[in-house]
Q: 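For reference, the structure I am asking about is given below.
Values below: all heavy atoms of this structure, side chains included; hydrogens, waters and symmetry mates excluded. Numbers here are sequence positions counted from 1.
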Amino acid sequence: MRPKEIEKDLEENVGKPATCPTGSDKDCSAAKRKKGESDQDFADRQALESRLCRIHRKIVVLSGKGGVGKSTVAVNIAVALLMAGKRVGLLDIDIHGPSIPTMMGLEGAKLQNSADGLQPVDADGLMVMSLGFMLGDADQAVIWRGPMKMGAIKQLLKDVSWGDLDYLVIDSPPGTGDEPLSVCQLIGNLDGAVVVTTPQKVAAVDVRKSITFCRQLGVPVLGVVENMSGFACPKCGEITQIFSSGGGKRIASDMGVPFLGSIPMDVAIAASGDSGRPFVRHNAASPTAEVMREIIRPLLALEPAAAAAPMNDKIENKEKANMKIVIPVVDGKLSTHFGHCERFALIDVDPKEKKIIKQDELKAPPHEPGLLPKWLAERGANMIIAGGMGQRAQALFAEHGIEVVIGAPAETPENLVNSYLAGTLQSGDNVCDH
Ligand code: ADP
């Protein structure tokens with residue numbers, strides 16, 4: 001049983017619309033003191049609401065228990081949204097084992113304070129904040145009593161200066177107890193939850209509990225992700241089912257919530273988590289990365305239609321029409337100097353047949369900041385395969401409906417496109433020349 005005052009607070013606050021930045025609007029929930037609220041609690045709530053209302057969409061990632069891949073899914077959702085050209089923050093509030101610093105390659109990052117509050121750490125454009133940054137020593141045991149936990153969660157939400165974001169993805173503590181409850185309760189107006197589960201029968205009870213938890217709090221369930229769904233052979237990519245699969249899909253259908261996708265157990269996912277190189281970015285051409293991009297489609301649809309247009313158009317275009325892939329070239333092979341290269345290969349591909357239809361070469365236009373995305377979009381391009389590219393440039397291309405796959409090796413354009421189509425393109429580091 002939850003304490004009465006929490007139930008009451010939930011009734012009053014969860015699911016309310018976003019508030020104004022200053023609380024100056026008299027209808028804003030931050031403008032009015034709640035019954036019994038102390039000066040300190042009122043000031044804290046105003047500070048929290050004024051930060052959170054600058055964030056367009058807030059999505060919490062939940063799981064019925066630990067170890068199912070909740071953090072992995074949270075990282076890859078956040079990076080996939082970033083790759084779709086959105087401004088994204090990732091908040092790791094998993095008090096038992098904040099693993100995001102490791103998964104993002106940010107272990108040992110030092111937090112900076114500014115006049116506006118605690119600055120999130122910039123990981124190639126993704127704004128990251130984690131309880132792990134505050135704990136210092138990763139081996140240190142965290143023994144926090146209830147009120148201390150709540151205090152730490154509240155402080156992180158209140159003190160971090162995210163600025164304006166399109167999405168904040170929140171990696172919640174696992175389970176359906178007081179800790180995820182506090183997260184949902186403090187944030188108040190969540191846009192929805194993604195529930196992560198695994199295919200074993202024993203996980204079924206937990207996922208049902210998570211969906212019921214969301215319903216009790218009035219948090220929309222955006223969908224269920226089944227992780228570790230079969231084993232992907234590292235040699236041939238064939239998926240072997242280990243546990244009775246399809247449980248996540250069945251439960252989603254039974255409980256009337258969307259099913260977002262199945263992610264196989266893949267050694268490359270475990271390796272990318274350990275090495276701090278987000279899978280969806282560094283293995284962008286793999287079929288599993290495609291599943292991850294599919295998972296964010298409904299999240300992008302949360303955006304007003306106009307803002308979501310480039311990504312949605314791009315996906316529809318890809319399904320309906322041919323793809324046009326651009327590759328910067330020098331001496332017949334991929335050039336890592338994207339912004340300054342003089343020629344581009346423009347390759348028409350039939351995505352259904354997985355074959356090249358036509359190949360042209362384009363002479364680059366005169367170098368002019370901001371011109372290339374428009375220029376390439378006018379020539380029908382909807383994908384770039386590059387050695388590297390800055391995050392801002394990727395966002396500009398995304399705005400023009402052009403997806404960017406980075407980290408490709410200096411190979412011929414035909415080889416690169418054929419490996420991309422076969423799902424075997426090996427992406428390395430983002431060799432950004434800026
Ligand atoms: P949780 O947040 O639910 O505790 P994590 O995301 O930390 O789980 O994942 C636990 C471990 O399993 C990590 O080492 C992670 O790299 C690994 N892992 C998660 N999903 C997969 C997957 N689909 N394939 C292989 N390893 C995975």
Q: Search all heavy atoms of Val79 against all heavy atoms of Pro278 and return the closest pair with its distance.
A: CG2-CB, 3.8 Å
Q: Just jot down the side chain to side chain donor-acceptor pair (under 3.5 Å) partners of Asn113, sequence neighbours excluded, or say none.
A: none
Q: Do Met83 and Arg281 pass the side-chain contact (heavy atoms from CB on, under 4.5 Å) test, and can you show the C-alpha distance, the side-chain angles, and the key distance before you say yes or no?
A: CA-CA 8 Å; Met83 289 169 76; Arg281 177 184 274 160; 4.1 Å; yes
Q: To the nearest 0.5 Å, tell me how far Ser99 OG sits from Asp171 CG.
A: 6.0 Å
Q: What closest approach, in Å, do Pro180 and Gly175 show between heavy atoms, and which atom pair accounts for it?
A: CG-O, 3.3 Å
Q: If I take atom CZ from residue Phe338 and atom CD1 from residue Ile327, how far apart are they, to the nearest 0.5 angstrom?
A: 10.5 Å
Q: Can you name the nearest heavy-atom pair linking Ile295 to Ile263, along with the distance?
A: CD1-CD1, 3.9 Å
Q: Give, for atom OG1 of Thr198 and atom CE of Met265, the distance between the pair rounded to the nearest 0.5 Å.
A: 8.5 Å
Q: Could you go through Leu421 and Val349, starting from their C-alpha distance and side-chain angles, then the distance that decides it, and tell me whether this counts as side-chain contact (heavy atoms from CB on, under 4.5 Å)?
A: CA-CA 9 Å; Leu421 293 172; Val349 164; 3.6 Å; yes
Q: Please check this pair: side chain of Asn283 against backbone of Ser286, looking for a donor-acceptor N/O pair closer than 3.5 Å.
A: no
Q: Applying the side chain to side chain donor-acceptor pair (under 3.5 Å) criterion to Asp166, which one of His56, Arg57, Arg87 satisfies it?
A: Arg87
Q: Taking atom OH of Tyr167 and atom CG of Leu299, what is their separation to the nearest 0.5 Å?
A: 6.5 Å
Q: Would you give the length of the straight line joining atom CG of Leu190 to atom CD1 of Ile170, rounded to the nearest 0.5 angstrom?
A: 5.5 Å
Q: Salt bridge check: are Lys58 and Asp191 linked by an N-O gap of less than 4.0 Å?
A: no
Q: Just to verify, which of Asp92, Val128, Val121 counts as forming a side-chain contact (heavy atoms from CB on, under 4.5 Å) with Pro101?
A: Asp92
Q: I need the minimum non-hydrogen distance between Met323 and Tyr420, along with the two atoms involved.
A: CE-CE2, 4.0 Å
Q: Under 3.5 Å, which donor-acceptor pairs do the side chains of residues 154-162 form with other protein atoms, sequence neighbours left out?
A:
| from | atom 1 | to | atom 2 | distance (Å) |
| --- | --- | --- | --- | --- |
| Gln155 | NE2 | Asp159 | OD2 | 3.4 |
| Ser161 | OG | Asp116 | OD2 | 2.6 |

Q: Quick check for you: to the nearest 0.5 Å, what is the distance between Ile77 atom CD1 and Ile296 atom CD1?
A: 8.5 Å
Q: Donor-acceptor pair, Asn76 side chain versus Thr72 backbone, under 3.5 Å?
A: yes
Q: Taking all heavy atoms of Asn227 and all of Gly69, pick out the closest pair and write down the distance.
A: ND2-CA, 3.4 Å
Q: Count the heavy atoms belonging to other residues, nucleotides or ligands that lie under 6.0 Å from CD of Glu378, then report whether that count exceeds 12.
A: yes
Q: Tell me, with the steps shown, if Cys214 and Leu62 meet side-chain contact (heavy atoms from CB on, under 4.5 Å).
A: CA-CA 9 Å; Cys214 292; Leu62 298 171; 3.5 Å; yes
Q: Between Val219 and Phe213, is a side-chain contact (heavy atoms from CB on, under 4.5 Å) present by the stated rule, with each step listed?
A: CA-CA 9 Å; Val219 176; Phe213 171 85; over 6 Å; no
Q: Judged by modelled atom types alone, do Ser114 and Gln119 share a side-chain donor-acceptor pair under 3.5 Å?
A: yes
Q: Is it the case that the side chains of Glu226 and Ser229 hold a donor-acceptor pair, with the cut-off being a distance below 3.5 Å and no angle test?
A: yes
Q: Provide the closest heavy-atom pair for Leu168 versus Leu90 in the form atom of the first, atom of the second, distance.
A: CD1-N, 4.1 Å
Q: Which pairs with one or both residues in residues 206-215 pass side chain to side chain donor-acceptor pair (under 3.5 Å), sequence neighbours excluded?
A: Arg208-Asp254
Q: Any sub-3.5 Å donor-acceptor pair from Ser253's side-chain atoms to Lys249's backbone N or O?
A: no
Q: Would you say the side-chain atoms of Ser63 pair up with the backbone N or O of Gly66, donor to acceptor, closer than 3.5 Å?
A: no
